[in-house]
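When a residue number appears, it is its place in the shown sequence, counting from 1.
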Amino acid sequence: MLLIDRVQAVGSREQVSGHIALYDMAGNVWEWTSSSFPVGEGGGETVWFRVIRGGSFRSDSLESRAWYRDGLYQRALKDDVGFRCVVRGR
């Protein structure tokens, strides 16, 4: 098993891809999404969490799967959470 203890530059790993050429899609940093959900119990104040996905270099194999989702307070700052820039193909 390959263990990584920090963020890796995009494209720095061996490229393994299917026929649609998707690279670096999981496991480097958690990806913020536009989805959110409320967290709060009983009469307490409701706090909104943003959905994060894709896992990070700190995640185990379960968290790094495409279907796995987690939540994080939307103002949280962490070194293993980021966002994905999308460029339209030619």
Closest contact, heavy atoms only, Tyr73 versus Trp48: CD1-O, 3.9 Å
Set of residues satisfying side-chain hydrogen bond (donor to acceptor under 3.5 Å, both in side chains) with respect to Arg53, sequence neighbours excluded: none
Residue pair Val29 / Gly82: nearest heavy atoms and the distance that separates them: CG2-N, 3.9 Å
ILVMFWY cluster membership beyond Tyr68 - transitive side-chain contacts under 4.5 angstrom: Trp30, Trp32, Ile52, Leu62, Trp67, Leu72, Val81
Contacts of Phe83 that satisfy side chain to side chain contact (heavy atoms under 4.5 Å, CB included) - sequence neighbours left out: Cys85
Non-neighbouring partners of Ser34 that pass side chain to side chain contact (heavy atoms under 4.5 Å, CB included), sequence neighbours left out: none
Side chain to side chain contact (heavy atoms under 4.5 Å, CB included) involving Val51 - partner list, sequence neighbours excluded: Thr33, Ser35, Phe37, Arg69
Apart from Leu77 itself, residues in the same hydrophobic cluster as defined by side-chain heavy atoms under 4.5 Å: none
